[in-house]
Amino acid sequence: MESREGLRAGLADSANPKLLRGHAKVEERERDRFCVRINGEMVTAAQLVLDTGTRSLIPPIEGLADVDFIHSENWLEKTDLPKQLAIIGGGYIGLEMGQFYQRMGSRVTVIEESDQIADREDEDVASSFVPASQLCFSQDVISNRLQ
């Protein structure tokens, strides 16, 4: 969480970019500007970055709580590169983490419980990840049901 707190502190007194926290909904575009409602207040901006605050869903795997595992909230804070790792979850976050570690030199295996990688996407979109993941990972991408 250090990196997130550092980002918040760095932007605290900045007028541009301005950090606005709260529930946000992109309402419309007006010419070259975004109209975003944040906590009920309308804000317009030429550029927009949404930090959705994604949190890891930690699966109930026996013994997992006893080890220092990597997840979406701490992976950029790690300083040691693992020789190999298994990533549980073939969604965007898991694929991003896997691609990062593979490009840094780790042997990566992605384990996905559904029948397709990026299972929240339409099949044609998700199927485009398979060739891309084989090129980027050049490792095994496994789609199996976890027991």
Side-chain angles (χ1 to χ4, degrees), residues 1-27 34-43 45-147:
M1 287 296 149
E2 261 180 50
S3 60
R4 222 173 248 175
E5 291 306 318
L7 179 62
R8 287 182 187 136
L11 293 174
D13 297 322
S14 174
N16 189 14
K18 181 72 176 168
L19 177 63
L20 303 172
R21 298 188 58 169
H23 180 79
K25 181 180 180 187
V26 179
E27 298 277 343
F34 293 95
C35 297
V36 183
R37 187 168 305 280
I38 303 173
N39 294 332
E41 180 182 340
M42 186 63 77
V43 177
Q47 296 180 342
L48 178 65
V49 176
L50 296 177
D51 178 359
T52 60
T54 301
R55 300 286 183 260
S56 296
L57 172 64
I58 309 300
I61 297 174
E62 186 177 334
L64 187 59
D66 301 329
V67 297
D68 182 25
F69 61 93
I70 299 169
H71 51 84
S72 67
E73 295 170 44
N74 73 358
W75 69 294
L76 294 176
E77 297 168 6
K78 299 294 182 182
T79 57
D80 295 328
L81 182 67
K83 289 177 88 173
Q84 61 184 14
L85 72 152
I87 294 179
I88 301 172
Y92 288 113
I93 295 170
L95 294 174
E96 179 182 13
M97 288 173 63
Q99 183 179 54
F100 171 81
Y101 279 105
Q102 188 277 330
R103 288 184 176 181
M104 294 292 108
S106 297
R107 177 173 165 78
V108 175
T109 301
V110 176
I111 302 168
E112 171 57 47
E113 68 178 340
S114 73
D115 293 332
Q116 71 179 31
I117 289 177
D119 67 330
R120 292 185 179 152
E121 296 299 324
D122 290 338
E123 187 177 341
D124 60 331
V125 173
S127 67
S128 70
F129 285 109
V130 174
S133 66
Q134 289 171 349
L135 289 171
C136 295
F137 290 105
S138 64
Q139 301 295 337
D140 299 319
V141 176
I142 301 173
S143 179
N144 284 331
R145 296 239 176 243
L146 294 176
Q147 300 297 328

Spacing of [X] atom [atom1] and [Y] atom [atom2] [to the nearest 0.5 Å]:
X   : Y   : atom1 : atom2 : value
R21 : N39 : CZ    : CG    : 10.5 Å
E77 : I70 : CD    : CD1   : 11.5 Å
Q99 : I87 : CD    : CD1   : 10.5 Å
E27 : I38 : CD    : CD1   : 11.0 Å

What are the two closest non-hydrogen atoms of [X] and [Y], and how far apart are they?
X    : Y   : result
R37  : M42 : NH2-CE, 3.1 Å
I111 : A86 : CD1-CB, 4.1 Å
V108 : G98 : CG2-O, 3.6 Å
S106 : L85 : CB-CD2, 3.7 Å

### Query
Listed by chain and number, what are the salt bridge (charged side-chain N to carboxylate O under 4.0 Å, His left out) partners of D68, not counting sequence neighbours?
K78
### Query
Do the non-hydrogen side-chain atoms of L20 and V36 ever get within less than 4.5 Å of each other?
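Contact flag for L20/V36 side chains = no.
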